[in-house]
Amino acid sequence: DTQRAEYRPLVLVADADPACRQQLDEMLAPFARIEMVQTGRAVLESSRRERFDLILVSHWLPDMSGAELLAGLRPLEGQVAAPVVMMVAARDAGQVTQLVAAGMSDYVMKPFDTDVVADRLRSLLQRQRPVVLVADDDPLICEIFKTKLRQRGVDVSVANSGMQALDMAKRLRPHAI
């Protein structure tokens, strides 16, 4: 009797306030894997190293603003961008339109109700489709995998050689290969 492992989305959380990070960790832990950072630079470094399903970040970090961070998070051509949700203080609410134009997916106002935010993030994560890279030199095998995976709501990219798969994996950063 084998159990199928349940996929737990990976969320990058960035906030300079330790109490806020702790609150977010407790809120997200029941349904996500979490990586915590404190600065915009750490967000950029982590997002280049790992494919996150969601990035939850404070609008003001010690080393950069939300707009600067969004500019740094723009994906390279062919990469899949993780949705970015910003935590915005009420005093900064007037900047929401500019942040959306810069690439923000959604926002929550600080201070926030953890139950409401958890429900919103869970909903965003459920709408995310996993990305799988199928690599095989046999076109029939690729087509079978592509068809079966797409029937299950998975975004599929196909590579016809090992070199092409390596190049695509760097750009796409798929959930699975």
Side-chain angles (χ1 to χ4, degrees), residues 6-17 20-21 23-61 63-89 92-133 149-150 152-157 168-177:
E6 183 179 322
Y7 177 75
R8 291 175 49 87
L10 181 58
V11 177
L12 176 59
V13 176
D15 199 297
D17 178 14
C20 188
R21 285 195 313 273
Q23 183 182 24
L24 292 166
D25 185 57
E26 291 170 6
M27 177 187 73
L28 292 166
F31 61 90
R33 295 172 294 137
I34 307 151
E35 181 174 328
M36 293 280 179
V37 297
Q38 299 176 35
T39 65
R41 173 166 281 146
V43 170
L44 296 175
E45 289 170 3
S46 293
S47 69
R48 284 175 178 74
R49 175 181 41 76
E50 186 71 56
R51 184 188 192 289
F52 292 94
D53 296 292
L54 180 80
I55 298 173
L56 176 62
V57 60
S58 177
H59 174 239
W60 289 109
L61 293 170
D63 57 345
M64 66 181 68
S65 70
E68 292 168 325
L69 181 66
L70 288 166
L73 284 172
R74 285 200 183 104
L76 301 173
E77 187 176 333
Q79 274 187 342
V80 176
V84 177
V85 176
M86 289 218 167
M87 297 174 283
V88 180
D92 298 321
Q95 296 184 18
V96 167
T97 304
Q98 295 157 334
L99 293 169
V100 169
M104 178 180 73
S105 305
D106 201 352
Y107 70 97
V108 294
M109 296 299 288
K110 278 183 164 184
F112 50 82
D113 178 316
T114 55
D115 292 334
V116 171
V117 173
D119 287 344
R120 186 181 296 171
L121 297 179
R122 196 177 286 117
S123 174
L124 267 171
L125 287 165
Q126 288 171 348
R127 283 185 266 155
Q128 287 287 97
R129 291 169 54 128
V131 177
V132 172
L133 174 60
L149 290 167
R150 284 189 174 156
R152 289 172 173 75
V154 175
D155 283 337
V156 179
S157 293
M168 290 176 75
K170 287 179 198 173
R171 287 184 298 113
L172 295 175
R173 298 189 332 208
H175 288 91
I177 300 174

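All values below come from the heavy atoms of this structure, side chains included, with hydrogens, waters and symmetry mates left out. Small disclaimer: the values here were computed from a predicted structure and weren't measured. Throughout, numbering of the chain's residues begins at 1 and tracks the sequence.
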Specify the closest pair of heavy atoms between [X] and [Y], including all atoms of both residues, with the distance to one decimal.
X      : Y      : answer
Val11  : Ala32  : CG2-CB, 3.9 Å
Asp53  : Pro9   : OD2-CA, 3.2 Å
Met168 : Ser157 : CE-CB, 3.7 Å
Leu133 : Ala169 : CD2-N, 3.9 Å
Val37  : Arg21  : O-CD, 3.7 Å
Met27  : Thr114 : SD-O, 3.3 Å

Does a side-chain heavy-atom distance below 4.5 Å link [X] with [Y]?
X      : Y      : result
Ile55  : Pro83  : no
Leu54  : Leu121 : yes
Phe112 : Cys20  : yes
Phe31  : Leu125 : yes
Leu24  : Leu56  : yes

| query | Roughly how far, to the nearest 0.5 Å, is the CZ atom of Arg48 from the CD atom of Glu50? | reply |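 It comes to 14.5 Å.
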| message | Please report the interatomic distance CG(Leu28) to CG(Leu10), rounded to the nearest 0.5 Å. | response |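 Between atom CG of Leu28 and atom CG of Leu10 there are 11.0 Å.
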Side chains of residues 94-111: which donor-acceptor pairs under 3.5 Å do they make with residues two or more places apart or in other chains?
from   : atom 1 : to    : atom 2 : distance (Å)
Gln95  : OE1    : His59 : NE2    : 3.1
Ser105 : OG     : Val84 : N      : 3.1
Lys110 : NZ     : Asp15 : OD2    : 2.6

| Stepwise, does the side-chain contact (heavy atoms from CB on, under 4.5 Å) test hold for Val131 with Arg51? | CA-CA 10 Å; Val131 177; Arg51 184 188 192 289; 3.5 Å; yes
| Qualifying residues under side chain to side chain contact (heavy atoms under 4.5 Å, CB included), relative to Met64, sequence neighbours excluded |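 By the side chain to side chain contact (heavy atoms under 4.5 Å, CB included) rule, Met64 matches Leu44, Glu68, Leu69.
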Check for a donor-acceptor pair, side chain of [X] on one end and backbone N or O of [Y] on the other, with a separation under 3.5 Å.
X     : Y     : answer
Ser58 : Leu61 : no
Asp63 : Arg41 : yes
Ser47 : Val43 : yes
Arg33 : Arg8  : yes

| Sequence neighbours excluded, which residues qualify as side chain to side chain donor-acceptor pair (under 3.5 Å) partners of Glu35? |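 Expected list: Ser46, Arg49.
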